[in-house]
Student: 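After the structure tokens below, expect a handful of questions from me.
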Amino acid sequence: MSDDIVLDVHDLHTHFFLRRGVVKAVDGVSFSLRRGEVLGLVGESGCGKSVTALSLLRLLPKGAARTVQGEIELEGEDILKTSDREMRQIRGRKIAMILQDPQTSLNPVFSIGNQLRETIAKHFPGPGGTVTQRAIEALRNVRLAAPEQRMDQYPHQLSGGMKQRVVGAIAISCEPLVMIADEPTTALDVTIQLQYLNLLKELQEASNMAILFITHDFGVVAKMCDHVAVMYAGRIVERGPVRQVFDNPTHPYTQALIASVPKMGDQRGRLHTIEGQPPEFSDLPVGCRFAPRCAFVEDKCLSTYPTDFSVGNGHTSACWKLEKPE
Amino acid sequence: MRNLPWIPLTIISVMLFMGIFAPFLTSYSPIDQSLPDKLLPPFWEEGGSIKHLFGTDIFGRDVLTRLYHGARVSLIVTALALLVGGGVGLVIGIVSGYVGGRLDSLLMRIVDAALAFPTILFALLLAVTMGQGLRTIVIAISLLLWARFARVVRGEVLAVKERDYVALAKVHGCSPARIMATHILPNVLNTFMVLLTLHVGVVIVAEASLSFLGAGIPPPTPSWGLMVAEGRGKISSAWWLSLIPGVAITLVVLAFNLFGDWLRDRLDPKLRQL
Amino acid sequence: MTEPLLRVENLRKYFAHTKGILAAKNMGQVKAVDDINFTIATGETLGLVGESGCGKTTTSKLILHLENPTSGKVLLQGKPIHGMEREALRDYRADVQAVFQDPWSSLNPRMTIGKIISESLTVTKWGKRAEIEERVRDLLIEVGLRPEHAQQYPHEFSGGQRQRIALASALASKPKLIVLDEPVSALDVSIRAQILNLLKDIQERENVAYLLIAHNLATVRHMAHQTAVMYLGQIVEYAPTKSLFDDVQHPYTKALFSAVLPDHPDLQNDEIVLAGEVPSPLDPPSGCRFHTRCPFVMPECSQEEPPLRETKPGHLVACHLYPTA
Amino acid sequence: MRRYILQRLWQGVILLILVTTIVFFLGRLTGNPADLMLPEDATEEDRQALIETLGLDAPIHEQFIIFISNAVRGDLGDSHRYRTPVVEIFFSRLPNTLMIVPAAMILAILMAVPLGILSALRRGGLIDKFSGTIAVLGIATPNFWLGMVLIYVFSVQLGWLPSARMGGFEHYVLPTITLGTFLVAGFMRLIRSSMLDILDSEFVKLARIKGMSETTVVWKHCLRNALIPVLTLWGVFMGGLVTGAIVTETVFAWPGIGRLTYEAVIFRDYPLLQAVILMDALLILLINLMVDILYAYIDPRIRLAE
Amino acid sequence: PASAAQKGTLVVALDSLGGQNMDPILEGRASHAHFQAPMYDSLVGFNFEKGGIGPGVAERWELAKDGLSWTFFIRKGQKWHNGDPLTAHDVKFSLERTMSKESVASRSAALRRNVKNIEVIDDHTVRVNTNGVQVHFPASMSRAVFQEGQMMPKKYIEKVGAAEFRKNPIGSGPWKFVKSVPGDRVEYEAVDYPHWRGKPNFKRMVILLVPEESTRVAMVRTGEAAIASISPEAIKEVEAAKLKMISVPATMQAVYYLWGTYRPDQKDNPVADIRVRQALSMAIDRQQIIDHVMNGKASWPMPFATFGYSVDTDTERWREWTRKAFRYDPKRAKELLTEAGYPNGFDLKFANTALPGTPYMVQIGLTVADFWSKIGVNIKYKHYEWGAFRALRRGQKELKGAASMYRTAGRPIAVARYTSGFMSKSLSHLFGNTKKGMNLCDELCQSFDKLSLEVIQARDPDVRAERTNRMIEMVANSWVAVPIIEGMGYWAINPKIVGAFNPIPGRHEFGDVFERMPRADQKAWR
Ligand SMILES: Nc1ncnc2c1ncn2[C@@H]1O[C@H](COP(=O)(O)OP(=O)(O)OP(=O)(O)O)[C@@H](O)[C@H]1O
Ligand SMILES: Nc1ncnc2c1ncn2[C@@H]1O[C@H](COP(=O)(O)OP(=O)(O)OP(=O)(O)O)[C@@H](O)[C@H]1O
Ligand SMILES: [Mg+2]
Ligand SMILES: [Mg+2]
């Protein structure tokens with residue numbers, strides 16, 4: 001089973017070194033991704049999801065951020081140790097990424113064909129015709145009508161959903177092992193989102209690629225993911241198979257989060273809420289980061305960060321509550 | 001405090017100090033001549049003396065004294081031109097951007113014309129029509145500035161106007177005038193301030209260019225631009241006449257630019273494109 | 001029938017789509033809102049849902065008197081609001097307030113919270129300074145903030161807090177109706193719940209009506225008494241919320257509902273994946289506007305525009321599939 | 001696209017009319033050219049005679065109508081001073097200016113683009129500081145003074161380059177540098193800042209994610225986008241360029257249109273002034289139009305708009 | 001000998017080329033003496049040694065017994081650049097062309113007034129009948145005075161027309177026109193035959209317009225130009241650069257005027273008091289201006305508009321007089337002010353201007369202003385652009401009771417300056433005017449009018465001299481137009497290109513000496 005692991009992230013720490021202090025945006029994140037697995041990464045805004053993703057690609061803002069600790073093993077090789085050159089070969093080819101906003105992630109001054117071809121030409125160099133064929137194929141894969149004509153169009157001539165599919169086509173065109181999707185549908189309409197998610201799922205199943213799916217929408221997780229990791233203030237607090245986490249959330253944060261989502265079924269009760277604010281990254285509590293907002297807080301929570309406790313079946317949770325009395 | 005840009009602030013304060021206290025800093029007059037003392041070099045050069053630290057000009061006037069007083073004139077020109085040009089630009093930019101429609105189109109066409117048109121020619125025409133003097137220069141340079149300000153401010157207003165708080169202000173019942181005054185104006189002031197600081201250099205150099213073309217501050221009143229223009233023919237024999245005010249200009253422009261950059265970073269990093 | 005609080009009658013808003021600066025050439029019209037009707041009763045919430053760009057915000061702007069309608073009327077307690085005198089408009093401003101989507105742009109960063117909240121009171125000369133300050137205090141407490149916050153500036157607050165401030169400023173003039181244009185879409189899941197709860201509390205306390213515009217059907221389900229579904233500038237289905245959610249009728253509404261992702265992996269929707277893109281409002285399809293994407297399309301759909309018809313008591317649908325009740 | 005150009009042209013015509021009218025009337029406020037042409041001891045009689053010869057005795061609005069109706073027919077009159085058709089004079093001078101202005105622009109672009117880009121890439125680094133200093137010097141140094149220092153150093157002291165006038169290649173060096181400096185400064189600042197924005201943009205991130213090399217990212221994805229604001233602010237540069245041309249041409253005794261314009265003002269040569277300003281405006285218009293076309297070429301959002 | 005052959009190009013850099021018009025009747029400014037003089041001869045020429053007039057196209061001239069006509073005897077063997085001979089017909093043609101309505105030459109109107117008609121007696125004799133006695137008529141035919149004597153080719157112009165002549169002008173001077181690029185340069189080629197003015201030593205000549213002084217100096221330093229006009233300010237640079245400096249003596253006089261002192265509304269203006277006016281003169285340390293502003297290259301002035309070479313004036317007397325009258329005596333000046341009732345000074349408007357090419361006038365003005373403030377006068381200094389100043393002078397509204405600076409070019413006949421400055425009908429009418437019915441011409445003004453007419457018409461040289469000196473005295477004692485210094489024309493010369501030569505005293509421009517300039521290899525500077 002473990003042979004199947006394509007991406008193994010271990011104890012990743014990525015910090016921002018800012019004038020006002022060190023922002024520990026990712027502070028000890030570990031997870032692994034198997035071939036064909038879709039892992040959802042959920043959490044509140046600003047908890048470090050995107051920074052985790054960018055750390056995997058080594059595309060953190062230069063100067064400000066650095067991965068200070070940890071290993072990222074892609075097919076068993078630590079990509080934090082590879083050269084920039086090799087890293088460029090990995091990007092796009094082995095790890096691809098879809099960004100959140102289709103409006104801004106395509107370069108407005110080049111045709112989409114141009115942008116698609118350059119990726120393919122980079123990773124599968126070949127005669128122009130072949131590259132173009134492949135590009136058209138990629139557009140066709142994402143169900144874009146009349147792909148030949150689309151090649152010469154510019155981003156502003158496409159709708160949001162079409163653009164997002166182009167971005168998807170770019171990501172998939174090089175048949176990557178791992179795809180990171182950073183909230184790829186937040187900017188889309190629900191109906192278009194559904195189209196897109198179905199498409200992604202289909203493509204994923206067909207190519208058996210692994211996806212790290214970043215979102216804060218539990219619906220999306222439920223639809224897309226096999227496993228889910230819940231992140232809070234730079235750390236993963238709970239992780240496990242989707243069903244298990246949904247049915248039986250063990251971390252108080254996860255519980256609260258799931259409870260606070262309005263449901264389609266019930267009507268007009270009061271919603272569950274989490275009081276308070278997430279902590280400031282530059283001023284993190286020593287103990288459990290959720291402790292100040294937690295309904296079940298104990299003394300221990302305030303002094304020591306909990307270790308991961310297994311709840312079985314690969315389901316773990318970082319909460320002292322789960323510590324078995326010795 | 002720690003993050004204040006000390007170097008630019010120091011230079012700017014020195015200039016302000018020189019300008020404000022010019023008469024008390026020196027026992028010489030900036031315009032009274034002393035022909036026998038003409039063209040003394042600065043004190044560190046052979047023939048120079050500490051009586052005239054930066055030497056004397058062709059009329060035997062103390063260069064340092066003129067530098068002090070020139071700071072004052074340059075300050076006044078800069079302040080007035082920025083006030084008038086900037087003020088007009090600010091108002092037009094706000095009104096044009098907020099009101100929009102045909103008025104906006106019209107105003108922006110005029111701005112385009114003013115931007116593309118060599119204002120220096122109007123400055124010359126003005127100097128020729130109204131005579132040289134502070135007033136002419138201020139008007140001329142304001143003509144140069146207003147359009148730039150108007151354009152940038154308008155761009156900013158277009159963005160600010162789309163913010164929800166402007167719509168909400170209408171919902172709250174504010175009149176357009178009130179919205180412009182309390183919601184738009186304060187929110188474009190950052191941009192405006194940054195523009196102001198960055199244009200100090202433009203004004204000082206424009207004033208110098210006008211002096212060169214014979215339409216600047218009329219002598220004997222010293223201004224830094226005029227001092228450079230007057231000394232330009234003596235680069236080889238009396239370099240201090242143009243170099244010293246030239247360096248002063250550069251320092252001040254540098255200081256204002258650094259300060260402006262700092263202000264921009266502080267106030268609105270999105271303003272980089274100025 | 002008693003007059004509802006707000007009535008919208010045959011409201012239309014067409015935006016001239018122009019190109020050019022001096023010699024503007026009309027390139028057609030965006031029919032952002034095209035003949036819509038609905039009412040809102042005192043103390044009740046109308047939910048307005050629909051795809052992006054279908055005209056929800058435009059409708060809200062028309063109601064807020066931020067845009068003038070191309071035709072049709074908006075009536076508050078029976079009085080048409082467009083073409084009012086200044087005086088009347090001022091009263092109207094006090095009666096109808098709004099909270100918008102983006103908490104980051106809805107507060108003027110250069111004004112203190114106190115100023116922001118009291119603005120509508122100040123411009124209408126609602127009372128003496130001390131009275132206004134007193135009211136601001138009360139409002140801050142009402143939305144769950146502290147009176148000291150009045151002295152602070154918006155940048156010191158989080159998104160959720162800002163939305164509370166926005167709500168306080170909307171409440172200041174004791175409005176009868178608050179337009180909520182996606183008030184929680186920009187907020188985190190956990191904060192969202194707080195605001196929704198607060199909105200409900202306030203409605204109960206103040207008997208204020210809401211026009212709640214949202215993408216999120218669950219939110220509408222949670223909040224609204226009535227729900228209207230919009231597609232390309234028109235209302236395609238309009239019903240009491242419960243009736244709508246229990247018995248979705250219009251194909252577009254169905255598609256919309258099916259696109260809502262269930263919260264649990266075991267739950268499955270009968271997904272109706274719509275084909276194609278949203279048509280351009282510049283050039284809407286003839287007949288039923290949804291016919292280009294409709295899975296149940298019939299020949300007459302492209303010919304004839306279906307009227308809104310009551311299929312059940314209070315449940316209106318515009319679709320040829322439902323000829324009569 | 002065609003619409004866009006037509007629209008630009010139409011705006012240009014309005015601008016021309018505006019400018020011409022202003023210049024016509026403002027020009028007449030500046031005093032009578034007869035006063036300048038007559039010798040010191042001329043009598044009032046001489047003066048009247050000359051005014052008649054110059055056609056300046058008619059009421060000003062009549063003069064304006066005559067001017068406009070002639071101008072429409074392409075006749076802009078004879079220079080008071082040179083007694084030759086102003087159009088002829090203008091076109092005899094134009095090529096001279098057209099030799100340094102583009103040279104200055106090319107110099108500016110050649111220097112500003114790499115420096116601006118490099119300093120954005122290595123923000124806060126050595127190149128950034130260096131080019132920042134150059135930019136401030138470029139902004140803070142009056143053109144004329146720079147020109148004179150250059151002459152003093154490179155022709156008088158070092159004897160490497162001629163000090164003035166037109167001639168072979170070596171004659172272009174100093175004027176081009178003088179004129180180009182402020183452009184370099186302006187462009188550089190602008191490119192740097194727009195590069196900084198673009199480097200932060202999502203599409204650059206995406207390009208990197210795709211595994212594109214830094215070279216492709218910078219020179220393909222960034223550069224074109226970075227040029228857009230430069231072109232948007234072109235108008236600001238044009239105004240400065242004409243000022244620069246007047247000063248530079250004066251310093252280097254360069255018989256171009258900048259200097260011609262200046263003289264037309266100083267000598268109250270109305271026909272020349274009117275013509276030159278009209279032509280200057282036309283020229284600026286054409287250049288701006290070219291820039292607009294270039295802009296459209298670079299930015300498909302404009303090119304492909306109806 | 002080989003050394004006498006014409007070679008090389010003489011490049012001259014000037015600050016101004018005026019209208020750069022090659023047609024003599026279309027140029028009204030002094031700069032014609034730079035660029036027309038090389039190719040056109042004048043009916044009357046120069047006295048190269050002393051300054052003033054001398055033989056030109058006409059070898060000699062004489063006044064008729066009745067004083068009503070002048071006969072000119074034309075030098076034989078002169079020819080136009082196209083080979084046609086220059087005859088009396090050309091002289092008549094030229095004068096008539098200059099008098100035509102089309103002409104804007106500076107004194108064309110005066111010529112029209114003064115000349116009745118012109119007769120060709122034979123090919124080499126021409127007679128000009130004048131309206132009344134015009135004793136100074138021949139002088140006005142010399143470039144030493146005005147430009148109206150320039151000779152134009154009758155046959156050529158009649159054949160090709162004026163337009164073509166303007167494009168391709170020919171003259172009879174030692175330089176042939178090659179090309180004129182407006183605003184840039186005029187090019188010439190030397191004639192290859194002996195010319196009475198001299199045969200040029202250079203093959204070609206280019207006169208350049210280089211507006212910026214330091215650029216001109218730089219060009220001479222690098223050898224890009226052989227000669228450049230400069231202002232006294234640049235003298236130090238030129239000397240430091242080991243260039244040759246030529247100063248042409250007595251080319252101009254810097255003067256200040258006090259305007260409208262006769263007007264009733266200026267009665268209470270301090271400058272209406274002659275003591276105040278004298279005090280103003282005494283406050284000026286002329287020697288300092290000469291030494292420091294003019295860098296020693298200027299001299300003590302003679303009375304208003306007179307020079308060492310002026311005709312009909314008692315040079316010795318006036319030299320002596322000015323030594324004393326123009327002395328620097330601030331103490332006495334203060335006393336005079338006190339006597340006049342202004343012990344604490346007064347406000348005085350001072351309008352300064354600089355003709356193109358005379359930037360040092362600004363400096364002189366500033367220095368004068370400074371001296372005046374030193375005796376307590378509160379100077380309101382204002383600088384005017386030249387064109388604006390001239391307009392100002394016409395209306396005189398802003399100038400009443402104010403001082404202004406002025407520069408008069410050196411000319412041998414002083415009377416013209418006096419009449420244009422003081423006659424009641426003149427533009428400046430410093431003593432009063434009779435225009436528009438306002439009779440503001442008091443005794444002084446009337447006696448001046450009378451005297452100046454006598455000067456113009458007196459045929460007896462002694463009478464003329466006596467009247468002239470009385471006129472000078474009248475103006476000098478009024479302290480209304482007061483000389484400050486006598487200035488020079490300044491030129492920087494690259495001694496590696498041009499050899500030693502002498503300029504014409506009083507004639508700043510070199511148009512009449514280019515042909516006399518040797519190459520450096522022909523005659524070295526000492
Ligand atoms: N360029 C940066 N400079 C400074 N701090 C940053 C930067 N980018 C991110 N951070 C900080 O790192 C933290 C994590 O940010 P990240 O973008 O990973 O959040 P996220 O979980 O992706 O949120 P969202 O759901 O809003 O996308 C944030 O608190 C933010 O303040
Ligand atoms: N001022 C305007 N000028 C022209 N067209 C407009 C204007 N405002 C809105 N529109 C157009 O009207 C249509 C409806 O826009 P509206 O903002 O009402 O949609 P919405 O339903 O609120 O969308 P979203 O869910 O994205 O907020 C859109 O096609 C939009 O482009
Ligand atoms: Mg993110
Ligand atoms: Mg909306």
Side-chain angles (χ1 to χ4, degrees), chain B residues 90 94 96-113 115-116 151 153-193 266-271, chain C residues 18 20-24 57 60-61 63-67 86-87 89-111 115-126 153-154 162-163 165-167 169-170 172-173 175 177-179 181-183 186:
Chain B
L90 179 67
I94 289 181
S96 179
Y98 184 73
V99 174
R102 296 213 161 241
L103 180 72
D104 182 42
S105 312
L106 179 74
L107 287 174
M108 283 307 118
R109 289 292 76 70
I110 296 176
V111 163
D112 279 350
L115 277 180
R151 189 161 170 173
V153 167
R154 170 185 173 267
E156 193 67 12
V157 170
L158 288 186
V160 169
K161 150 173 133 161
E162 292 306 317
R163 305 257 157 84
D164 288 343
Y165 57 78
V166 175
L168 281 172
K170 280 186 220 159
V171 171
H172 290 159
C174 299
S175 64
R178 188 187 162 96
I179 291 176
M180 283 190 261
T182 63
H183 293 278
I184 307 275
L185 176 71
N187 286 295
V188 297
L189 263 159
N190 280 353
T191 313
F192 182 69
M193 289 305 297
R266 279 298 301 261
L267 297 178
D268 190 353
K270 276 193 220 73
L271 270 176
Chain C
T18 54
I21 295 160
L22 275 182
T57 299
S60 76
K61 285 195 169 159
I63 292 172
L64 289 168
H65 203 289
L66 294 174
E67 299 275 6
R86 275 177 85 119
E87 286 296 293
L89 182 61
R90 172 140 19 109
D91 293 343
Y92 179 75
R93 289 285 185 221
D95 284 344
V96 180
Q97 285 292 326
V99 174
F100 291 151
Q101 169 176 9
D102 184 2
W104 307 104
S105 99
S106 60
L107 306 180
N108 183 345
R110 306 269 145 202
M111 276 165 92
K115 284 249 171 59
I116 291 172
I117 294 176
S118 63
E119 183 170 51
S120 60
L121 305 178
T122 319
V123 290
T124 52
K125 311 212 170 53
W126 177 82
Y153 283 88
R162 281 161 175 257
Q163 236 21 3
I165 294 165
L167 191 56
S169 88
S173 59
L177 172 69
I178 300 181
V179 172
D181 192 349
E182 313 201 14

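In this text the structure is predicted, and so the values were computed from the model without any measurement. Chain naming here is simple, since letters A, B, ... match the order of the sequence lines and numbering starts at 1 in each.
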Student: If you round to the nearest 0.5 Å, how far is NE2 of B/His172 from CD1 of C/Ile117?
Tutor: 9.5 Å
Student: Side chain, backbone, both or neither: which part of C/Val96 has an atom under 4.5 Å from a heavy atom of chain B?
Tutor: backbone
Student: Find the one option among C/Ser105, C/Pro109, C/Ala98, C/Ser120 whose heavy-atom pairs under 4.5 Å with chain B are most numerous.
Tutor: C/Ser105
Student: Can you tell me how far apart CZ (C/Arg110) and NE2 (B/His183) are? Round to the nearest 0.5 Å.
Tutor: 13.5 Å
Student: Taking the side chain as every heavy atom from C-beta outward, state whether B/Arg178 and C/Glu119 have any pair of such atoms under 4.5 Å apart.
Tutor: yes
Student: Between C/Leu89 and chain B, with a heavy-atom cut-off of 4.5 Å, which part of the residue counts as in contact: side chain, backbone, both or neither?
Tutor: neither
Student: Nearest 0.5 angstrom please: B/Thr182 OG1 to C/Lys115 NZ, how far?
Tutor: 10.0 Å
Student: Quick one: closest heavy-atom pair of C/Val123 and B/Cys174, and the distance?
Tutor: CG1-SG, 3.7 Å
Student: Go through C/Thr124, C/Val99, C/Asn108, C/Leu64 and name the one with the most non-hydrogen pairs under 4.5 angstrom from chain B.
Tutor: C/Asn108
Student: Do C/Leu66 and B/Val171 come within less than 4.5 Å of each other through their side chains, counting heavy atoms only?
Tutor: yes
Student: Output yes when a side-chain donor or acceptor of C/Ser106 lies under 3.5 Å from a complementary backbone atom of B/Asp164, and no otherwise.
Tutor: no
